[in-house]
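Only one structure is covered here, and it is reproduced in the block below.
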Amino acid sequence: MTERGKNGGLIASAPAPLRSKLGKLGILRDEDLLTHLPLRYLDETRLTPIAQLEDGMLAVAEGEVTLCQLQFKPRKMLLVELQDDTGSLQLRFFHVFAGQQAALAVGTRIRASGEVRKGFFGAEMVHPKYRKAREGMALPDHLTPVYPTTAGLAQNSLSKLIHQALESLPLDDTLPAGLLHKLQLQPFDTSLRTLHHPPPGVPLQQLAERSHPAWQRLKFDELLAQQLSLKRAHIRRRAHAAPALLGHGRLLAAFRAALPFSLTGAQERVISEISRDLTQSYPMQRLLQGDVGSGKTIVAAFAALQAVESGYQAVIMAPTEILAEQHYLKLSAWLEPLGIQVAWLAASVKSKARNAALEALREGTCQLAVGTHALFQQPVEFARLGLAVVDEQHRFGVAQRLALRDKGKGQVPHQLMMSATPIPRTLSMSYYADLDVSIIDELPPGRSPIATKVIGNSRRDEVIDRLHEACRNGTQAYWVCPLIEESEKLELQAALSTHAELTERMSDLKIGLVHGRMKAEEKAAVMSAFKAGELHLLVATTVIEVGVDVPNASLMIIEHAERMGLSQLHQLRGRVGRGSKQSSCLLLYQTPLGDIARQRLKAIQESQDGFEIARFDLELRGPGEFLGARQSGQPMLRFADINLDQKLLSQASQAADWLLQHDEQTVEAHLQRWLGSKADFATV
Ligand code: ADP
Ligand code: MG
């Protein structure tokens, strides 16, 4: 038992309410206190004369109370005036507690510390920290850390606990000296002490920017923990058995011969990467990335065929019924001529057809299943599942993917995840370190660039006239209605009224409507009418964002584009420009345009490269938005920033590879310190 264990531990002996607040901060064990690092620092090492206080300054001032008054208008507040030789400062307290007025009685000498605001009444501090002072009373000799905290947990109590942890816990380095030396990293203990209690003279700027060597060390440690846990998960999954899919090649050859187009070089490359993985007797864990329209579906078809001709079944799962059905139609058209049975499974499939499909999958007479999440609900059983393809993987949770994996009956099926939201390299290197990555970095030939225009809403009438003209001349177009995040009902209303308005104004056109509240069959009927060219215009909510493929559509109008995220706009726009026709996308925005929205629209207008757009998006919004459902199973990075700390990230990635091969003890110790009980989460 450890030293701390005997003493009961700081957290174990804390009262339950405190424990639960600490828990909210992710502090479950004493060790977690150590790595709860300051957000910023207060310089309380010197006093500032009141006359020199400036707006926004974090400062300490000292003086005598000349006024202490409880006020009730405009709201209850204790107003205190502090005076030194140079001027006066107002302190405002909105939560007044018993005894506070006495402690701040006129004539008392007070030292107050906080953020200065210069208001109508001169300098003031709202809710400053304060204490009774004596003339010449010593000031702290180091910066005061400010920790991230939660409601009801005072900065002081948290500081005290962290201080105790620093004093009582062993701060041994988890990393071997050789590695630290090679990467020129500071020891753990000095780094930690520097960050919690910066000694006098530490450059504040370096601490604030987190470029100080102490920060570098802690950020490296955090990145290393992430890399170790993900890469270890990858290695552990390799220990499972998977069917080696060594097919005879005849189906693949026949499919190739019948293809209506020749594959791009990038498609060929990823097909062979995947094919190689499938021949192994451990499960593939591959992420296939390719911009919208880069042709991922056919790659999935090749993988599925390899499973089928090896005597196994495959499943392809998509996040929406529109998309899944499209896959179903495409794959059955491609594969049924080769004698393969394709089953269609979605929530809307009626029980009779459904039961027949389920039976065929269970018996193994049907080789490929395509569907939505209906696919991994309990009753679906496969005779010999060899491959699971998950399209738009970021829309599925980890649990849903795992459920598919468990359908393999002792063996784990190979897994191919597909993503049309290109993931910037740094992001895939960090959060996706547990997957192998294939990238389609080339679009099929003959695509012409999409002319993108950004247009103020005041010109909406003009846009409608232009649309009318284009549709009369045979163009097929999408009109995308505004995203209304707060209310699905309002969104639906907007779609209905836009449809009515456009139908009235262009009564000679055939105009369809598709939205999220429609039944799946209704949606499918509208989509297929549009696809067959029976509709000029399709008014839609953002349900068409994902994967819809109507090559003849060449014009898209997006209303309230300023409300949409970059990758969403890119995905939407990717619905046009799929055929050889010159395509256009008009982004209508509502004025006035905010700064971020302006940058987003500019980026979309200027670039059609999904990776470039994604990189920009990452800078704008940080990684959380990208990770979607994946995030839920994984702790986010708290200190490192994958954009700013790319060098540390690649060092951590390399170090993790080496440690996993050569130094299991270090791996354990490091994961224990950084993730503790959370380590299990990361290995999902
Ligand atoms: P995504 O990567 O967005 O899923 P899809 O698989 O839907 O893209 O493909 C987009 C369109 O391009 C489809 O109509 C598909 O048939 C077509 N396509 C795919 N590969 C090629 C190719 N090599 N040459 C020409 N067209 C292709
Ligand atoms: Mg797709």
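For ligands, and for the atoms within them, numbers begin at 1 and follow the listed sequence. Quantities reported herein were computed from a predicted structural model and do not represent experimental measurements.
When atom types are taken as modelled, the side chain of H515 and the backbone of V539 share no donor-acceptor pair closer than 3.5 angstrom.
Note on E559 versus R460: salt bridge recorded, some NZ/NE/NH1/NH2 to OD/OE distance being below 4.0 Å.
A donor-acceptor contact closer than 3.5 angstrom is absent between the side chains of H414 and D277.
Residues F382 and Y312 keep their aromatic ring centres 6.0 Å or farther apart.
Within the structure, ligand 1 lacks M418 among the residues with a heavy atom less than 4.0 angstrom away.
Not one N or O of F261 is nearer than 3.5 Å to an N or O of ligand 1, by distance alone. Considering backbone and side-chain atoms together, W334 places no N or O closer than 3.5 Å to any N or O of ligand 1. The shortest N or O to N or O distance between G293 and ligand 1 is below 3.5 Å.
Neither the backbone nor the side chain of D391 comes within 4.0 Å of ligand 1, counting heavy atoms alone.
The line from CD of Q599 to CD1 of I604 is 13.0 Å long, rounded to the nearest 0.5 Å.
For ligand 1, the atoms closer than 4.0 angstrom to any heavy atom of V292 are 3 (O). Those atoms of ligand 1 that come under 4.0 Å of a heavy atom in S294, given as number and element, are 2 (O), 8 (O).
Side-chain atoms of E309 and L305, non-hydrogen and from C-beta on, never get closer than 4.5 Å to each other.
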